[in-house]
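Have a look at the structure below, then the notes.
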Amino acid sequence: MLHNVSETTMHRVRWLLTLGWLVLIASFFYDPITPMFTTPEAVGSPFHLQPEIYLDPAKCTKIREACLPEQPFSMSAIMWWAMIVPAGIFILLVLGHEFWRRICPLSFMSQIPRALGLQRKRKVVDPITGEARWEVVVIGEKSWLGRNHLYVQFSLFVLGLWLRILFVNSDRVALGSFLLFSISCSMFVGFLYAGKSWCQYFCPMAIVQTVYTGPRSLLGSQNHLQPKAAVTQSMCRMVDPKTGKEQSACVSCKSPCIDIDAEKTYWAELNKPGRRLVQYGYLGMVIAFYLYYYLYAGNWDYYFTGAWTHEEDQLAKIMDTGFYIYGHTIPIPKIAAVFITYFVLVAITYTIGIIVEKLCRRITFRGRPVSAEQAQHIAFTLFTIVSFWTFFSYGARPSLNRLPYWPLLAFNALIVLVGSLWLYRTIKRTHGQYERENMANSLRKQLHKLELDPSLLDGRSIDELTPDEIYTLVKVLQGFSQQLRLHTYTGVVLDLLQQQATDTSSSFEFCQKLRQDLKLKDADHFAALEAIAATHPQIFTAAGAQPFSPQIHDEDTMARTIARPLKKPSTKRARS
C-alpha cells in the first residue's frame, strides 16, 4: 500500500505518529482531560459512569461476588488497549506488513542511533588486500539468535501478556513505564546491531505480523509482480542528499527479508525453528488471554465493560486467587494462574495444529495428495483466520459495545467480509505459483528480446500474458537453436540472481522446471553461471552471496559446455 510513497513523506508521517504516541504515553502519567468524559454528569459520552448500575448489586460489574468499585477514570488505557492495538491487527491483515512497518513508531525510534551516527562498529580486515575497515554489526543468520529468534520473540510475547494482566492493564504509570522501557530496548538494539534487527529478531509484535500477513495481505503489494526497483515494500531506504532520489539502505541484517519480499520469506521460513509454535501457539494465546478474564472474575462483564482498564487496585491483586469457575475458587495465585492458562491453551492449539496438518495431507487435488508444504500452509491459513475472528470477537469490544446497534453491526460485517476475502485468496495459494509468477517476469524480459511470430500472441503483447501463458510460450523455444535457448536461460538466471529471488547455491534446483521446458541439460545451468560470473562478477561477491564453484559430477560435459562460446543468438527458427 505505501511502498510507492516517498521516504521523505513517510518520514514526516512517522514523526507525527511518534509524537502522538509520546503524547499518549505522557497521558498515562498525567491526564486532566479525559476523566471528564467518564463522570456520571457526562451523559453525552458513551463512557460515562451510570450510578444506577455500578451501585446496584444486581447490575454492577463484579469480580466473583463483589461489585467492582468504579469512579471517573482516565481513558488513555482503554484508548490504547481497545482502540489502537486492535487497529494494528486490522492493518496487518488488510493493508499489509509493509504498511505497518513504514508507519510503526517503535521501528522508527529503533533507527535513532543510526540517524545520529552512534551505531556500534567493529574492525574488519579484508582477506585479499589486508586493509582494515570499520563496519556496522549485523546478527548472523547462522548464529544462535539468527536460528532461534522466533522462540525468543514468542517468549517475549508471552511474558508481555503475562505482565499486562498482572501489572499494566489498568495501572497507567506501569503501562507508561512499560512502553518507555520498550522504546529504550529498541533503541539499544538499534545501537548494537544495524538494519531492522529490533523488528526482525526481538520485537514481539513481529510474530503477530508474521501470523496475520501470511504469504500476502489483502491489499498489500506483491514484490515479485512489481517492476523491479531499487527499494520494495518496506525495505530500508534513504534519500541520497546529492540526487534527492531514494536508494536502498539495506545492510542484509536478515535474508530472506519480510521487508523486501514478504511472500518469499513466508515460503522460505515455513520450517524455520519455532515457526509452528508461533502460528499455532498464537491462537492459543489469543484464546487464553481473553478467557482468563472469565476464569478470574467468574463472568464476562468484567472484560466487556472495560472495567479492567481502570481497576484501581490491580497491583494489589497479583497474589489473589487466580481461578473462580462456576462459583468455586481454585487456590492458585493469580501470578501463576495466568501462566498456567497460557501454557495449557498454547499446548492445546499447538497439538490441534499438528493434527490439522496431518489431516490436510489426506486431501487429494486432481488425483494427487497434498504435499507436506501445502498442508502446512493450509493449516497456517486456517489458524490465522480463526485467530483474526477470535481476536475481534473480544479485542476492541470494550469500546465497540458502546456504539449504537447499526454501526456495531456494520463493523462486525466488515470483520467477517475482509477475513473471508483474505481466506479465499490465501488458502489456495501455493509455493509453486509464487515461483512460477516470479520466474514469469524474468522470462518476459527475455521474450521481449526475441523476434517472435505475432500470430503466437494472438494479437496481445507479451506483457498481457499470464504466467501460465508465458510458460506455454516458452515451450515454443524448444524449436529454436540450442544456443538461443541457453542464452535465454542465462538471461533468466541472471535476472533472478539480481532480484535475489534465489542465490547461486539454490538456483540449480530453483530453475529445474525451466530447464525441462527448454530441453536443457543440468550442465547448461553451470554454463549459465559461468557466463554470468564473467560479465557480472559483483553478483558473486555481494554480501551474503554464495561463492560460485563450477563443480558437477560430469566434469567432461561441464568443460565442453563452458568452453562453448556464448554468442549473440539468432532469432530465426531452427530447421526441423
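The analysis underlying the following values was restricted to heavy atoms, covering all of them including side chains, and did not include hydrogens, waters or symmetry mates.
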Test Phe188 against Phe181 for ring pair (Phe, Tyr, Trp, His ring centres under 6.0 Å), laying out the working first.
CA-CA 10 Å; Phe188 183 64; Phe181 176 74; over 10 Å; no
Where does the angle between the aromatic ring planes of Trp162 and Phe339 fall among parallel (under 30°), tilted (30 to 60°) and perpendicular (over 60°)?
parallel
Do Arg64 and Tyr296 meet the cation-pi criteria used here (NZ or CZ under 6.0 Å from the six-membered ring centre, within 45° of the axis)?
yes
Salt bridge (Lys or Arg N to Asp or Glu O under 4.0 Å) evaluation trace for Arg362 with Glu357:
CA-CA 9 Å; Arg362 299 181 181 180; Glu357 272 193 46; over 6 Å; no
Close side-chain approach of Leu179 to Trp21, heavy-atom, < 4.5 Å
yes
So does Ile139 get a backbone contact from the side chain of Ser143, meaning a donor-acceptor N/O pair under 3.5 Å?
no
At what distance, to the nearest 0.5 angstrom, does OG1 of Thr9 lie from CZ of Arg14?
10.0 Å
Run Lys254 and Glu269 through salt bridge (Lys or Arg N to Asp or Glu O under 4.0 Å) and show every step you take.
CA-CA 12 Å; Lys254 192 173 186 296; Glu269 295 189 345; 2.3 Å; yes
Taking side chain as C-beta onward, heavy atoms only, is Pro35 less than 4.5 Å from Asp31?
yes
Just by distance, with hydrogens left out, do Gln374 and Thr430 show a side-chain donor and acceptor under 3.5 Å apart?
no
When the aromatic ring centroids of Phe289 and Tyr293 are compared, is their separation below 6.0 Å?
yes
Any side-chain heavy atom of Met79 sitting closer than 4.5 Å to one from Thr309?
no
Step through it carefully: locate the ring centre of Phe323, locate the ring centre of His328, and say whether they are under 6.0 Å apart.
no
What distance separates Arg12 CZ from Ser6 OG, expressed to the nearest 0.5 Å?
7.5 Å
Does the side chain to side chain donor-acceptor pair (under 3.5 Å) test come out yes or no for Tyr201 and Asn148, once each step is laid out?
CA-CA 9 Å; Tyr201 296 103; Asn148 297 284; over 6 Å; no
Verdict with supporting geometry, Tyr294 and Tyr324, side chain to side chain donor-acceptor pair (under 3.5 Å):
CA-CA 8 Å; Tyr294 175 83; Tyr324 183 75; over 6 Å; no
For the atom pair CZ (Phe392) and CG (Leu93), what is the distance rounded to the nearest 0.5 Å?
8.5 Å
Side-chain heavy-atom pair Thr426, Pro215 within 4.5 angstrom cut-off:
yes
Gap separating the OG atom of Ser170 from the CD1 atom of Ile165, nearest 0.5 angstrom
11.5 Å
Would you call His97 and Ser217 a side-chain contact if the rule is heavy atoms closer than 4.5 Å?
no
Run the numbers on His431 and Glu435 for side chain to side chain donor-acceptor pair (under 3.5 Å), then give the verdict.
CA-CA 6 Å; His431 191 188; Glu435 291 186 342; 3.2 Å; yes
Please answer whether the main-chain N or O of Cys104 pairs with a side-chain N or O of Ser107 as donor and acceptor at a distance below 3.5 Å.
no
If you define the side chain from C-beta out and look only at heavy atoms, does anything of Asn271 sit under 4.5 Å from Gln376?
yes
Which pair of non-hydrogen atoms, one from Lys334 and one from Tyr292, has the smallest distance, and what is that distance?
CG-OH, 3.2 Å
Between the side chains of Ser255 and Glu141, does any donor sit under 3.5 Å from an acceptor?
no
Please tell me whether Asp261 and Tyr434 have a donor and an acceptor in their side chains that are separated by less than 3.5 angstrom.
yes
Taking the six-membered ring for Trp, are Trp308 and Tyr303 parallel (under 30°), tilted (30 to 60°) or perpendicular (over 60°)?
parallel
Between Phe304 and Tyr394, what is the ring plane arrangement, given parallel below 30°, perpendicular above 60°, and tilted in between?
parallel
Please identify which of these residues, Val356, Ile352, Ile354, meets the side-chain contact (heavy atoms from CB on, under 4.5 Å) condition with Tyr280.
Ile354
Quick one: CG on Asp313 to CG on Asp171, what's the gap to the nearest 0.5 Å?
10.5 Å
Under 4.5 Å between any side-chain heavy atoms of Leu22 and Ile183, yes or no?
yes
Lys272, NZ: over 12 other non-hydrogen atoms inside 6.0 angstrom:
yes
Any donor-acceptor pair under 3.5 Å linking the side-chain atoms of Gln279 with those of Arg276?
no
Is a side-chain donor or acceptor of Glu437 paired with a backbone partner of Gly432 at a separation under 3.5 angstrom?
no
Stepwise side-chain contact (heavy atoms from CB on, under 4.5 Å) check, Thr384 with Trp422:
CA-CA 10 Å; Thr384 294; Trp422 182 89; 3.4 Å; yes
Looking at His310, Gln314, Glu311, which one forms a side-chain contact (heavy atoms from CB on, under 4.5 Å) with Asn169?
Gln314
Just by distance, do the side chain of Ser110 and the backbone of Ser186 share a donor-acceptor pair under 3.5 Å?
no
Can you establish whether the number of heavy atoms outside Phe29 located under 6.0 Å from its atom CZ is more than 12?
yes
Under 6.0 Å from the ring centre and within 45 degrees of the ring axis: does the NZ or CZ of Arg164 meet both conditions for the six-membered ring of Trp81?
yes
Anything under 30° is parallel, anything over 60° is perpendicular, the rest tilted; go ahead and classify His11 against Trp15.
perpendicular
With respect to the side-chain SG atoms, do Cys67 and Cys60 come within less than 2.5 Å?
yes
Can His48 and Glu41 be counted as having a side-chain donor-acceptor contact under 3.5 angstrom?
no
Any chance the side chains of Ser76 and Ser74 put a donor and an acceptor closer than 3.5 Å?
yes
Enter the distance from Lys196:NZ to Arg101:CZ here, rounded to the nearest 0.5 Å.
6.0 Å
Given the rule in the side-chain contact (heavy atoms from CB on, under 4.5 Å) test, do Leu49 and Thr39 qualify, once you have shown the distances and angles that lead to the verdict?
CA-CA 6 Å; Leu49 296 178; Thr39 61; over 6 Å; no
Audit row: Leu277, Val346, side-chain contact (heavy atoms from CB on, under 4.5 Å) steps and yes/no:
CA-CA 8 Å; Leu277 175 64; Val346 168; 4.1 Å; yes
Do the side chain of Arg237 and the main chain of Cys250 share a donor and acceptor less than 3.5 angstrom apart?
no
Look only at the side chain of Thr265 and the backbone of Cys257, and say whether a donor-acceptor pair between them is shorter than 3.5 Å.
yes
Run the side chain to side chain donor-acceptor pair (under 3.5 Å) test on His149 and Gln200 for me, step by step, so that the C-alpha distance in whole Å, both residues' side-chain angles and the decisive distance to 0.1 Å come before the verdict.
CA-CA 8 Å; His149 67 89; Gln200 304 283 19; over 6 Å; no
pair Ile287-Thr390: side-chain heavy atoms closer than 4.5 Å
yes
Is it the case that the side chain of Asn299 and the backbone of Lys62 share a donor-acceptor pair, with hydrogens and angles ignored and the cut-off at 3.5 Å?
yes
Main chain of Gln233, side chain of Ser221: is a donor-acceptor contact present, judged purely on distance under 3.5 Å?
no
Check: Gly220 main-chain N/O paired with Glu98 side-chain donor or acceptor under 3.5 Å:
no
